[in-house]
Amino acid sequence: EVHIFIDDGLHSLPSSLNSFIWAMQVVQSEGYIIIEDLYNPRRIWDSIAQLYCNSNLISDVKLYTNKTRAGVTLIFKKV
């Protein structure tokens, strides 16, 4: 069982999306998915977070801006 999944991969939209989709399959309920150093348009990740929250697959999303303000880190809590 996976309780925490951290993506520190290629930092591109396609690879981060693939990591998120895979993590949703392997992370147990009440587990966390962390995707860091995202340099993609924030609106894309806002839309994904809202979609998953509305589908009751994610209960909470936190977004943190990096010190340089260039990238963000997202933390999802799976239902």
Side-chain angles (χ1 to χ4, degrees):
E1 297 181 348
V2 176
H3 301 279
I4 298 173
F5 175 88
I6 302 172
D7 171 55
D8 185 16
L10 298 175
H11 311 296
S12 70
L13 182 59
S15 67
S16 297
L17 283 173
N18 284 333
S19 292
F20 177 77
I21 291 166
W22 184 79
M24 285 296 294
Q25 297 172 31
V26 299
V27 171
Q28 69 179 27
S29 292
E30 303 300 314
Y32 291 89
I33 300 167
I34 302 167
I35 303 177
E36 55 93 39
D37 285 344
L38 296 168
Y39 297 98
N40 313 114
R42 182 174 171 172
R43 69 181 180 276
I44 293 172
W45 288 101
D46 287 340
S47 297
I48 291 167
Q50 187 170 359
L51 175 69
Y52 276 87
C53 283
N54 289 341
S55 68
N56 294 321
L57 295 173
I58 297 289
S59 66
D60 195 18
V61 179
K62 302 286 186 207
L63 184 133
Y64 299 93
T65 303
N66 300 351
K67 289 179 184 177
T68 63
R69 300 202 180 271
V72 298
T73 297
L74 281 170
I75 301 176
F76 299 90
K77 184 173 183 184
K78 188 174 175 187
V79 173

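This one's a predicted model, so the numbers in the text were calculated from it and none came from an experiment.
- When the side chains of ILVMFWY residues are joined at heavy-atom separations under 4.5 Å, either directly or via intervening members, Ile75 and Ile48 end up in two distinct hydrophobic clusters.
- Qualifying side chain to side chain donor-acceptor pair (under 3.5 Å) partners for Thr73, counting only residues two or more places apart in sequence or in other chains: none.
- Between atom CG of residue Leu63 and atom CG of residue Asp46 there is a gap of 6.5 Å, rounded to the nearest 0.5 Å.
- Screening residues 49-63 for salt bridge (Lys or Arg N to Asp or Glu O under 4.0 Å) gives Asp60-Lys62 as the qualifying pairs, with residues at least two apart or on separate chains.
- Both Leu74 and Val2 are members of a single hydrophobic cluster when ILVMFWY side chains are connected at heavy-atom separations under 4.5 Å.
- Listed by chain and residue number, His11, Glu36 satisfy the side chain to side chain contact (heavy atoms under 4.5 Å, CB included) test with Asp8 (two or more places apart in sequence, or in another chain).
- Among residues two or more places apart in sequence or in another chain, the ring-ring contact (aromatic ring centres under 6.0 Å, His included) test is passed with Phe20 by Tyr52, Phe76.
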Compile the donor-acceptor pairs under 3.5 Å between side chains in residues 23-35 and protein atoms, sequence neighbours left out, one pair per line.
from: Gln28; atom 1: NE2; to: His3; atom 2: ND1; distance (Å): 2.6
from: Ser29; atom 1: OG; to: Val79; atom 2: O; distance (Å): 3.1
from: Glu30; atom 1: OE1; to: Lys77; atom 2: NZ; distance (Å): 3.1

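- Taking CG from Asn18 and CG from Leu13, the interatomic distance works out to 9.5 Å, rounded to the nearest 0.5 Å.
- In the hydrophobic clustering of ILVMFWY residues, with side-chain heavy atoms under 4.5 Å counting as a link, Trp22 and Ile4 come out apart.
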